[in-house]
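In this chain, residues are counted from 1 in sequence order.
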Amino acid sequence: MEGFQKRPDWAKRFGFDHFSNPQSKHFSWALFDKAVIRPQLNKAWNVLKGDAPKGSKKYKDAKLIVDKYSYDSAPMCLGRTIQSICDARLLPEQELKHTYGSTDRIEIEKDQRSKMEKYTFDEYTPNDDEKAHACREVLDPTLDNAMRGLEHAFKVLGLNTWEGETNIKMDLNGIEIPYYFKPDFNNLIELKIRSPRHMPKSKKGWATGSLPTKPYASWLGQVSAYYFKTGRQPIVVCANDRDYRLYHPDEGDYLMEKENLEFTFDQIVSDLKIQQYIMKNAEDLNELVQFVQPDWEHLSWSNKNPEVLQEAKDLWGYRSN
């Protein structure tokens with residue numbers, strides 16, 4: 001972080017204190033999230049964590065804002081739960097204490113399991129209640145396969161000790177704010193969980209989520225940063241309730257070869273330079289949105305509160321249907 005002495009004016013203007021993988025979320029969503037949603041959420045959380053009485057209008061209004069912008073899904077909960085249980089089983093006690101406030105692996109796992117068991121469906125995520133039921137059914141077999149895949153990856157990479165999730169910010173040539181990413185394990189291993197697919201006409205009501213033959217572009221974007229930071233070969237582990245798959249050159253995956261990772265990260269830096277240029281040359285949010293074309297069909301905009309989606313469309317000047 002030596003290269004970042006002061007956040008530039010354009011970054012302050014639009015709420016950016018860092019960039020992250022542009023292949024994981026559409027720029028229009030990142031912009032709306034940071035420039036519109038985050039300021040409102042920050043103020044609301046300050047109220048909720050402050051001394052405002054719970055029955056007061058101020059408190060209720062803040063709670064409405066938090067509820068308005070919150071979103072989740074059963075598959076997301078399944079992924080979080082499995083990664084946390086893998087942490088409980090694999091990480092050294094010192095890391096467990098730092099991350100979970102305890103070294104009791106059994107209690108940590110029990111607590112994490114309860115999050116999947118108590119998950120309340122998101123009303124804006126299609127069939128989320130049914131998906132939650134399926135996710136609970138596949139939790140243990142998927143967890144077993146994730147553990148098998150992680151242990152296999154550990155051997156392939158020749159690692160000696162387990163390290164958990166880290167928050168990394170690094171400087172990039174030509175980029176005026178940090179690039180932020182969070183490797184799951186050892187700064188080299190990315191764990192992906194494929195949740196069940198909703199299939200109401202099937203006997204169980206769901207089908208196993210497939211393991212892709214090739215890593216998705218967003219996954220490559222994530223691990224290309226790991227390679228750029230460490231200079232070492234990363235790996236992706238993907239698990240479902242039937243099996244696991246590794247994405248690594250030794251497993252025959254050419255997309256994970258170093259040359260392609262370098263190319264992928266070069267593309268990321270190029271995309272970020274474009275985003276940075278656009279923001280540097282826009283005086284305010286109304287001017288900025290004229291140069292950013294939203295893709296409402298992109299995954300970034302899916303499963304959002306319709307009120308939030310309409311708020312974004314109003315900002316961009318789209319008429320209501």
Side-chain angles (χ1 to χ4, degrees), residues 1-5 7-8 10-11 14 16-31 33-34 79 83 149-150 153-154 156-159 163-193 211-238 245-280 291-293 295 298-300:
M1 292 298 299
E2 297 83 357
F4 298 100
Q5 303 299 323
R7 191 160 59 131
W10 64 264
F14 302 117
F16 278 70
D17 58 7
H18 64 262
F19 280 121
S20 55
N21 181 12
Q23 297 179 354
S24 292
K25 62 178 66 174
H26 199 269
F27 181 39
S28 61
W29 168 252
L31 175 61
D33 180 39
K34 293 180 184 294
Q83 180 169 335
L150 288 171
F154 192 82
V156 169
L157 295 179
L159 301 174
E163 299 173 9
E165 186 178 74
T166 50
N167 295 286
I168 299 177
K169 287 185 177 181
M170 64 181 178
D171 56 344
L172 301 176
N173 185 33
I175 303 298
E176 298 177 11
I177 57 176
Y179 185 78
Y180 172 73
F181 56 102
K182 293 199 303 182
D184 289 334
F185 295 95
N186 293 78
N187 291 339
L188 293 172
I189 301 175
E190 183 65 23
L191 175 62
K192 298 297 183 184
I193 300 301
L211 300 176
T213 57
K214 296 184 291 186
Y216 295 135
S218 60
W219 301 0
L220 290 171
Q222 286 179 280
V223 296
S224 68
Y226 307 172
Y227 174 68
F228 184 89
K229 176 67 176 177
T230 67
R232 300 170 63 189
Q233 176 67 53
I235 193 168
V236 177
V237 178
C238 187
R245 186 169 192 151
L246 300 187
Y247 302 90
H248 184 275
D250 290 353
E251 300 296 315
D253 196 323
Y254 73 93
L255 291 175
M256 289 290 293
E257 292 176 356
K258 294 178 180 179
E259 293 78 8
N260 192 63
L261 294 177
E262 291 173 349
F263 174 80
T264 298
F265 201 70
D266 284 345
Q267 290 296 305
I268 285 176
V269 175
S270 178
D271 288 345
L272 296 182
K273 287 181 178 178
I274 293 172
Q275 294 180 12
Q276 178 177 270
Y277 178 84
I278 293 172
M279 287 189 281
K280 286 179 70 173
F291 301 100
V292 179
Q293 178 65 43
D295 179 0
H298 193 275
L299 188 62
S300 299

For residues 267-278, pull every pair meeting side-chain hydrogen bond (donor to acceptor under 3.5 Å, both in side chains), keeping only residues two or more places apart or in separate chains. none

Just to verify, what does A11 make a side chain to side chain contact (heavy atoms under 4.5 Å, CB included) with, not counting sequence neighbours? R7, P8, F16, I177

Are any non-hydrogen side-chain atoms of L150 and I189 less than 4.5 angstrom apart? yes

Please name all residues satisfying side-chain hydrogen bond (donor to acceptor under 3.5 Å, both in side chains) with H26, sequence neighbours left out, ordered by chain then number. S28

Between L272 and Y179, does the side chain to side chain contact (heavy atoms under 4.5 Å, CB included) criterion hold? Intermediate values first, please. CA-CA 9 Å; L272 296 182; Y179 185 78; 3.6 Å; yes

Could you tell me the separation between the CE atom of M279 and the CD1 atom of I274, rounded to the nearest 0.5 Å? 12.0 Å

Under the rule for side-chain hydrogen bond (donor to acceptor under 3.5 Å, both in side chains), what residues qualify as partners of E259, not counting sequence neighbours? none

What distance separates I268 CD1 from F19 CZ, expressed to the nearest 0.5 Å? 12.5 Å

Residues 225-237 side chain polar contacts: donor-acceptor under 3.5 Å, at least two apart:
from: Y226; atom 1: OH; to: E190; atom 2: OE1; distance (Å): 2.4
from: Y227; atom 1: OH; to: E262; atom 2: OE2; distance (Å): 3.2
from: T230; atom 1: OG1; to: Y226; atom 2: O; distance (Å): 2.8
from: T230; atom 1: OG1; to: R232; atom 2: N; distance (Å): 3.1
from: Q233; atom 1: NE2; to: M256; atom 2: O; distance (Å): 2.9

Of all residues at least two apart in sequence or in a different chain, which pass the salt bridge (charged side-chain N to carboxylate O under 4.0 Å, His left out) check with K258? none

With H18, which residues qualify under side-chain hydrogen bond (donor to acceptor under 3.5 Å, both in side chains), at least two apart? none

Listed by chain and number, what are the salt bridge (charged side-chain N to carboxylate O under 4.0 Å, His left out) partners of D17, not counting sequence neighbours? none

Restricting to salt bridge (charged side-chain N to carboxylate O under 4.0 Å, His left out), what partner residues turn up for K34, sequence neighbours left out? none

Does a donor on one side chain and an acceptor on the other come within less than 3.5 Å for D184 and Q83? yes

Side chains of N173 and V269 in contact at under 4.5 Å (non-hydrogen atoms): no

For N167, side chain to side chain contact (heavy atoms under 4.5 Å, CB included) partners two or more places apart: Y180, K182

Determine, step by step, whether L157 and N186 satisfy the side chain to side chain contact (heavy atoms under 4.5 Å, CB included) criterion, reporting the C-alpha distance in whole Å, the side-chain angles of both residues, the deciding distance to 0.1 Å, and the verdict. CA-CA 10 Å; L157 295 179; N186 293 78; over 6 Å; no

Using the rule given for side chain to side chain contact (heavy atoms under 4.5 Å, CB included), can you reason through F181 versus N21, listing the C-alpha separation, both sets of side-chain angles and the distance that settles it, and then say yes or no? CA-CA 7 Å; F181 56 102; N21 181 12; over 6 Å; no

Tell me whether D253 contacts the main-chain N or O of L255 through its side chain, where contact means a donor paired with an acceptor under 3.5 Å. yes

Results of side-chain hydrogen bond (donor to acceptor under 3.5 Å, both in side chains) for W10 - residues two or more places apart only: E176

Looking only at heavy atoms, the pair that brings F265 and M170 closest together is CZ-CE, 3.6 Å

Under 3.5 Å, sequence neighbours excluded: what are the donor-acceptor pairs made by side chains of residues 214-221?
from: Y216; atom 1: OH; to: R194; atom 2: NH2; distance (Å): 3.2

Within-4.5 Å side-chain heavy-atom neighbours: Y247 and C238: yes

